[in-house]
Q: 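Quick one: the structure is below, and I'll ask about it shortly.
Just so you know, these numbers use all the heavy atoms, side chains as well, and skip hydrogens, waters and symmetry mates. Convention: sequence-line order gives letters A, B, ...; per-chain numbering from 1.
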Amino acid sequence: MADPGNSELYIYNTLTRKKEKFEPLNPPYVGLYVCGPTVYGDAHLGHSRPSLTFDLLFRYLKHLGYKVRYVRNITDVGHMESNADEGEDKILKKARLAKLEPMEVVQYYTNRFRHNMWSLNVLEPSIEPLASGHIIEQQEFVDLIVKSGYGYEVNGSVYFDVDKYNRNFNYGKLSGRVIEDLISNTRELEGQEEKKNPYDFALWKKASPEHLMHWPSRWGEGFPGWHLECSTMSTKYLGEEFDIHGGGMDLLFPHHECEIAQSTAALGKESVKYWMHNNLVTINGQKMGKSLGNAISLFEFFSGDHPLLDKAYHPMAIRFFIMQAHYRSTVDFSNDAIQASEKGLQRLFEGIKTLDKLKSSEHSTVDVEALERKCYDAMNDDLNSPVLISHLFDGLKIINFINAGQDFINEKDLKNLKNLYHDFLYNILGIDKPEEKIDTENLSDRIIRKFLQVRKEAKQRKDFATADLIRETLNQLGIEIKDTKDGFEWKIKT
RNA sequence: GGUCGGUUGGCCGAGUGGCUAGGCAGUGGUCUGCAAAACCACGUACAGCGGUUCGACUCCGCUACCGACCUCCA
């Protein structure tokens, strides 16, 4: 194996809009924070994209020898419902509808999310903190911001003073927005009159009397603001400065912009060195989203139980499909596209079976090292999984030529080639080895029945030789056959 | 409306200033009693119009179309 330590990984930093060489702040340690799910409903295919993208990154960093602490939060509190004009808490609304405790809803969907992740072979993060479990820390974070002069309290709510912040720092540096544009574009929402400016955002929000999810604070009963949990929990678990913060592109503004503002205001410095954003999953060219009504949940994909799906898809087909597109490109869902991936993956699996049976020779006529270099180059180029996969397909030709006796491979190269597929397909791309699971009980049953059906047909056309041959063969296998008036019976002889 | 991004062959999807991406489908072939599978081989492409260049799909400009964000979402 080439030494992966020699690899120079480049990743695209949204902050600079350039690919940058990845250099951790404190090698060999890497701190990675990713915005996780809001657990008020089942995850759909779009939600799987950040999980899969940063699972790929997590796996590759570990493969390169880094010691990674991967923190992915669970948002179980505090986000607002889209069309609820009152600004009702999303989780709360769902709870009302279903007459459940809010924490019951959250627990239910958290469990289901974890189940989905397990199906997709997504590695568990090192820490999976809940926003509701860090209320105290979030309040402390608000204190820091207020003390530094960038937060102000009004009627039991605390807001972030964007204008003031922007005078000393740059609000909009990540998303490329300018305050002037925001002024003209901010929609009128209830509660705006409390803020100094419409683009100020809540750090702590006063709970209305009917609000169920609220916590005591020095400002009164309330709940944390929309963006606070990530600033708080990333700081708590990864420190005031850490390496990588990831999430979906749609979180760029305002969520991540506000996170930067909060952390910078509270800590007096930039927290994140590299910002990474995955692109969206589209369906008919449009973003897959709950509110757009075009979402297909992962459970539906795995069961095939959705009008837009031709069939059920194995989680690995989904994973491979996502991996066949670069994380910064959109990937458009269609049955044809996933089925194409599914068949391609099948061919890859067949090739690996062939690889396992390959015999080594004295000398090699193939260049395994070059293939390996190409695979690392692809991954080092901002996690280019589609190009990596194309090299794995190219490698199939090598395998098949050796198998056909047209090329030869020595023992060392053969070992390396096996390692290569093992490392890149299984460990890095995270594709699960296919298990040869056949329902043997059912299968033998079906085979016996089919045999007897053939025998019955043979008897009907007076082909007694064939009929007897079948009976004799089955008898020898310990299966006793009894002809009946209109068919047959059989049992396994004891 | 503002900001940003995209437009690649039948479909999906990479990439590059001159050299085959890859997958699926298709076509031809090998194998096979037939078929299937497997394997081998092979097309078709870079939205339009200008410009820069010896040369552009790749750089620049304009136009058209699509999308994301600006408001909860990954």
Q: Under 3.5 Å, side chain of A:E257 to main-chain N/O of A:S175, donor-acceptor pair present?
A: yes
Q: What is the distance from CG of A:L429 to C1' of B:rA14, rounded to the nearest Å?
A: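 Going from CG in A:L429 over to C1' in B:rA14 covers 15 Å.
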Q: Categorize A:V331 for me: base, sugar-phosphate, or nothing, with a 4.0 angstrom heavy-atom threshold over every strand shown.
A: sugar-phosphate
Q: Which listed nucleotide (B:rA68, B:rG23, B:rA25) is nearest to the side chain of A:L280?
A: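 The nucleotide sitting nearest to the side chain is B:rA68.
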Q: Contact class for A:N403 vs. all strands (heavy atom < 4.0 Å): base, sugar-phosphate, or nothing?
A: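 Nothing, no nucleic acid heavy atom in range.
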Q: Using atom C1' in both nucleotides, what's the gap between B:rA47 and B:rU8 to the nearest angstrom?
A: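 The answer is 10 Å between these two C1' atoms.
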Q: Select base, sugar-phosphate, or nothing to describe what A:S48 touches, counting heavy atoms under 4.0 Å on all strands.
A: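 The answer is nothing, as A:S48 stays clear of every strand by at least 4.0 Å.
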Q: Can you tell me how far P in B:rC59 sits from the matching atom in B:rG22, rounded to whole Å?
A: 22 Å
Q: Within the 4.5 Å heavy-atom criterion, are A:H277 and A:R328 side-chain neighbours or not?
A: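 Side chain of A:H277 against side chain of A:R328, heavy atoms only: no contact under 4.5 Å found.
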Q: In whole Å, what separates the C1' atom of B:rU27 from that of B:rC70?
A: 50 Å
Q: Any N or O donor-acceptor pair under 3.5 Å from the base of B:rC73 to the side chain of A:K287?
A: yes
Q: Would the A:F301 and A:H314 ring centres measure less than 6.0 Å apart?
A: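 No, the ring centres sit 6.0 Å or more apart.
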Q: With sugar-phosphate meaning primed atoms plus P, OP1 and OP2, does A:R177 contact a base, only sugar-phosphate, or nothing at under 4.0 Å between heavy atoms?
A: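 A:R177: base contact, heavy atoms under 4.0 Å.
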Q: Could you please name the option among B:rG23, B:rA21, B:rA14 that lies closest to any side-chain atom of A:Q324?
A: B:rG23
Q: Between B:rG5 and A:N279, is there an OP1 or OP2 to side-chain N/O distance shorter than 4.0 Å?
A: no
Q: Please list every stem that involves RNA chain B, where a stem is a run of 3 or more consecutive Watson-Crick or G-U wobble pairs with both pairing distances under 3.5 Å.
A: B:1-7 with B:64-70, B:10-12 with B:22-24, B:26-30 with B:38-42, B:47-51 with B:59-63
Q: Under the 6.0 Å and 45° cation-pi test, does A:K290 pair with A:Y40?
A: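 Yes; both conditions hold, so A:K290 lies above the ring face of A:Y40.
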Q: The side chain of A:S291 lies closest to which of these nucleotides: B:rC72, B:rA14, B:rG22?
A: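 Closest nucleotide among those given: B:rC72.
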Q: With C1' as the reference atom in both, quote the distance from B:rA35 to B:rU30 in angstrom, rounded to an integer.
A: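 The same atom, C1', in both gives a distance of 16 Å.
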Q: With a 3.5 Å distance limit and no angle check, can you tell me whether A:R59 reaches the backbone of A:L429 through a side-chain donor-acceptor pair?
A: no
Q: Please report whether the ring centroid of A:H47 lies less than 6.0 Å from that of A:F113.
A: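 So the answer is no for these two rings.
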Q: Can you tell me how far C1' in B:rU71 sits from the matching atom in B:rG17, rounded to whole Å?
A: 43 Å
Q: Tell me whether A:K164 forms a cation-pi arrangement with A:Y150, defined as NZ or CZ under 6.0 Å from the six-membered ring centre and within 45 degrees of its axis.
A: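 That pair qualifies as a cation-pi contact.
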Q: Take the protein atom CD1 of A:I318 and the nucleotide atom C1' of B:rC12, then report the distance between them rounded to whole Å.
A: 14 Å
Q: Taking the six-membered ring of A:F299, is the NZ or CZ of A:R112 close enough (under 6.0 Å from the centre) and on axis enough (within 45°)?
A: yes
Q: Between A:G248 and A:K343, just flag the one whose closest nucleotide in RNA chain B comes earlier from the 5' side.
A: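 On the 5' side of the pair lies A:K343.
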Q: Can you tell me how the ring of A:F253 sits relative to the ring of A:Y171, calling it parallel under 30°, perpendicular over 60° and tilted otherwise?
A: perpendicular
Q: Choosing from B:rC72, B:rA14, B:rC12, which nucleotide comes nearest the side chain of A:F321?
A: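 Out of B:rC72, B:rA14, B:rC12, the nucleotide with an atom closest to A:F321's side chain is B:rC12.
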Q: Please report the distance separating the P of B:rU20 from the corresponding atom of B:rU32, rounded so that it comes out in whole Å.
A: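 Each nucleotide's P atom is 35 Å from the other's.
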Q: Once you apply a heavy-atom cut-off of 4.0 Å, does A:L252 come out as touching a base, just sugar-phosphate, or nothing?
A: nothing
Q: Is A:R347 close enough and on-axis enough to A:F393, meaning under 6.0 Å and within 45°, for cation-pi?
A: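 Not flagged: A:R347 not positioned over aromatic ring of A:F393.
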Q: What is the distance from CG of A:D394 to C1' of B:rA21, rounded to the nearest Å?
A: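 In whole Å, B:rA21 C1' lies 8 Å from A:D394 CG.
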Q: Return the nearest nucleotide to the side chain of A:Q286; candidates are B:rA14, B:rC73, B:rG67.
A: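 Of all the options, the side chain of A:Q286 is nearest to B:rG67.
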Q: Whole angstroms only, please: what is the CG-C1' distance between A:L345 and B:rG22?
A: 14 Å
Q: Quick check on the 6.0 Å ring-centre criterion: do A:F54 and A:F58 meet it?
A: no
Q: What is the nucleic acid contact for A:G285, judged by heavy atoms within less than 4.0 Å: base, sugar-phosphate only, or nothing?
A: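 Sugar-phosphate contact only - A:G285 comes under 4.0 Å of backbone atoms but never of a base.
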Q: I'd like the C1' distance from B:rG15 over to B:rG6, given in whole Å.
A: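 Result for the C1' pair: 16 Å, nearest Å.
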Q: Calculate the interatomic distance between A:E342 atom CD and B:rA25 atom P; express it in whole Å.
A: 11 Å
Q: Which nucleotide, B:rC4, B:rA14, B:rC72, lies nearest any side-chain atom of A:P254?
A: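 Of all the options, the side chain of A:P254 is nearest to B:rC72.
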Q: Could you state the NZ-P distance from A:K205 to B:rC72, rounded to the nearest angstrom?
A: 12 Å
Q: Closest to the A:F253 side chain: B:rC69, B:rC24, B:rC4?
A: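 Shortest atom-to-atom distance from the side chain points to B:rC69.
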Q: Report the distance from atom CZ of A:R328 to atom P of B:rC69, rounded to the nearest whole Å.
A: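 To the nearest whole Å, that distance equals 18 Å.
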Q: For A:D381 and for A:V281, find the nucleotide of RNA chain B with the closest heavy atom, then tell me which residue's nucleotide is more 5'.
A: A:D381
Q: When you compare B:rG43 with B:rC49, how far apart are their P atoms, in angstrom units rounded to a whole number?
A: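 The answer is 26 Å between these two P atoms.
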Q: Tell me what A:H326 touches on the nucleic acid: a base, only sugar-phosphate, or nothing, going by heavy atoms under 4.0 Å.
A: sugar-phosphate
Q: Identify each atom pair where a protein N or O and an N or O of nucleotides 37-46 of chain B are less than 3.5 Å apart, giving names and distance.
A:
from: B:rC39; atom 1: O3'; to: A:N400; atom 2: ND2; distance (Å): 3.4

Q: Do the numbers put A:R69 on top of the ring of A:Y237, so that NZ or CZ is under 6.0 Å from the six-membered ring centre and no more than 45° off the axis?
A: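 The answer is no; the distance or angle limit is not met.
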Q: Phosphate oxygens OP1/OP2 of B:rG5: is one of them under 4.0 Å from a side-chain N or O of A:T330?
A: no
Q: What's A:H277 touching, base or sugar-phosphate or nothing? Going by heavy atoms closer than 4.0 Å.
A: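 A:H277: no heavy atom of the nucleic acid under 4.0 Å.
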Q: May I have the distance from A:K18 (atom NZ) to B:rC4 (atom P), rounded to whole angstrom?
A: 16 Å
Q: With a 6.0 Å cut-off on the ring centroids, do A:H256 and A:W275 count as close?
A: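 Here the rings of A:W275 and A:H256 have centres that are less than 6.0 Å from each other.
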